[in-house]
Student: 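Have a look at this one before I ask anything.
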Amino acid sequence: MIGQLAANYPGSVYDQMVRGSFNYGAGGVAAWRSLCGVPNGGMAMLTQIGAPAKVKDEYFAWYERTPFPTNAAYEDWAAGGWTVTTAPKDNAPSAVPKSLLCHASHGRWLEAAGGPEGAWVTTQFAGNVVTAGADRCSKLVYNCVYKLCELINAWMAATPVLPTAALDPSVAACMTCHAGGYDAAIDQCVPEVTGKMKCDESCHQ
């Protein structure tokens with residue numbers, strides 16, 4: 001997206017940004033499987049263009065709750081929309097990440113795909129889950145960039161199509177204790193945790 005903006009607005013701040021600045025996000029930041037690089041890069045993009053918190057919340061909440069990947073990247077490629085070094089595969093399994101963390105997101109997808117013996121992984125990649133995962137993640141990028149464009153266009157057009165992203169009920173439940181302070185029932189201070197990501201399936205299981 002940065003390259004496209006730079007081409008459309010030569011001499012702008014987008015034109016001055018270093019290409020590949022967020023490549024470190026691959027594999028959940030330098031392969032540490034922490035924050036997925038796709039929402040990481042998307043949030044950086046939204047910050048660069050001055051998007052409000054409402055748009056950012058909607059992007060992260062959408063990522064957390066949407067089945068990925070869709071077949072859109074394959075269909076677009078098959079229709080001759082663009083060329084790539086490695087062609088995407090058809091009808092990849094999808095799974096709801098339930099988390100912004102790479103490890104959880106990718107793990108849930110791998111479970112849905114059936115691992116190395118899953119039918120899709122076996123037929124498309126001879127059981128190689130590494131290359132199957134790379135196919136999944138590239139399609140995930142496609143889905144997320146498309147969503148970013150939708151959100152940015154809606155925000156810039158001031159169209160009332162952006163719902164306020166409600167926090168998952170698990171977050172509200174956790175905040176009844178983790179808002180900090182002293183809990184007389186357990187006679188100790190409760191750690192203060194401020195967050196918006198699903199509690200019951202991201203970190204606590």
Side-chain angles (χ1 to χ4, degrees), residues 1-5 17-48 56 58-152 196-198 201-203 205:
M1 289 185 72
I2 291 295
Q4 212 167 21
L5 285 167
M17 291 180 68
V18 179
R19 306 297 186 273
S21 296
F22 296 95
N23 288 352
Y24 70 83
V29 183
W32 273 72
R33 300 300 183 189
S34 61
L35 175 62
C36 173
V38 187
N40 185 2
M43 188 63 76
M45 177 74 222
L46 291 173
T47 300
Q48 287 293 328
K56 295 175 182 177
E58 182 61 25
Y59 177 57
F60 265 25
W62 169 85
Y63 177 94
E64 186 182 64
R65 304 165 192 179
T66 302
F68 294 119
T70 70
N71 208 37
Y74 172 82
E75 292 170 354
D76 195 4
W77 169 81
W82 34 273
T83 57
V84 292
T85 303
T86 303
K89 302 296 185 180
D90 193 12
N91 292 318
S94 63
V96 178
K98 300 182 181 180
S99 174
L100 295 165
L101 302 178
C102 170
H103 179 68
S105 173
H106 191 272
R108 287 192 173 92
W109 174 81
L110 188 58
E111 184 177 14
E117 297 181 2
W120 186 79
V121 179
T122 300
T123 56
Q124 298 288 358
F125 294 98
N128 189 324
V129 294
V130 175
T131 50
D135 179 87
R136 173 259 183 189
C137 291
S138 64
K139 291 172 179 170
L140 174 63
V141 172
Y142 181 100
N143 290 144
C144 289
V145 170
Y146 192 94
K147 182 64 176 181
L148 278 171
C149 291
E150 286 187 330
L151 290 172
I152 293 169
K196 299 178 182 179
M197 192 164 59
K198 284 171 64 69
E201 293 178 289
S202 291
C203 297
Q205 297 186 40

Student: Once you round to the nearest 0.5 Å, how far does CG of Leu110 lie from OG of Ser105?
Tutor: 11.0 Å
Student: Considering non-hydrogen atoms only, spot the tightest contact between Pro69 and Pro93 and give its length.
Tutor: CD-O, 3.1 Å
Student: Just checking Glu111: does its CD atom have more than 12 heavy atoms from other residues, nucleotides or ligands closer to it than 6.0 angstrom?
Tutor: no
Student: Out of Tyr63, Tyr142, Trp109, which residue meets the ring pair (Phe, Tyr, Trp, His ring centres under 6.0 Å) rule with Phe68?
Tutor: Tyr63
Student: Identify the two heavy atoms, one from Asn71 and one from Ala92, that lie closest to each other, and give their separation to 0.1 Å.
Tutor: OD1-N, 4.3 Å
Student: Please tell me if the side chains of Pro39 and Glu64 come closer than 4.5 Å, counting only heavy atoms from C-beta onward.
Tutor: no
Student: Is there a side-chain contact (heavy atoms from CB on, under 4.5 Å) between Thr86 and Asp135? Walk through the geometry before answering.
Tutor: CA-CA 9 Å; Thr86 303; Asp135 179 87; over 6 Å; no
Student: Identify the two heavy atoms, one from Asn143 and one from Ala72, that lie closest to each other, and give their separation to 0.1 Å.
Tutor: ND2-CB, 4.3 Å
Student: Any idea which heavy atoms bring Pro116 and Thr122 closest together, and the distance?
Tutor: O-OG1, 3.3 Å
Student: Enter the distance from Glu150:CD to Tyr59:OH here, rounded to the nearest 0.5 Å.
Tutor: 12.0 Å
Student: Let me check something: any side-chain donor-acceptor pairs from residues 22-37 under 3.5 Å, sequence neighbours excluded? List them with distances.
Tutor:
unit_1 : atom_1 : unit_2 : atom_2 : d
Tyr24  : OH     : Asn40  : ND2    : 3.3
Ser34  : OG     : Gly28  : O      : 2.7

Student: On a heavy-atom basis, which atom in Asp76 and which in Trp82 lie closest, and how many Å separate them?
Tutor: OD2-NE1, 2.8 Å
Student: Would you compute the distance between atom CZ of Phe125 and atom NZ of Lys89 and round it to the nearest 0.5 angstrom?
Tutor: 5.5 Å
Student: For the residue pair Tyr146 and Thr70, establish whether any side-chain heavy-atom pair is separated by less than 4.5 Å.
Tutor: no
Student: Measure the CG-CD distance between Asp90 and Gln124 for me, rounded to the nearest 0.5 Å.
Tutor: 7.0 Å
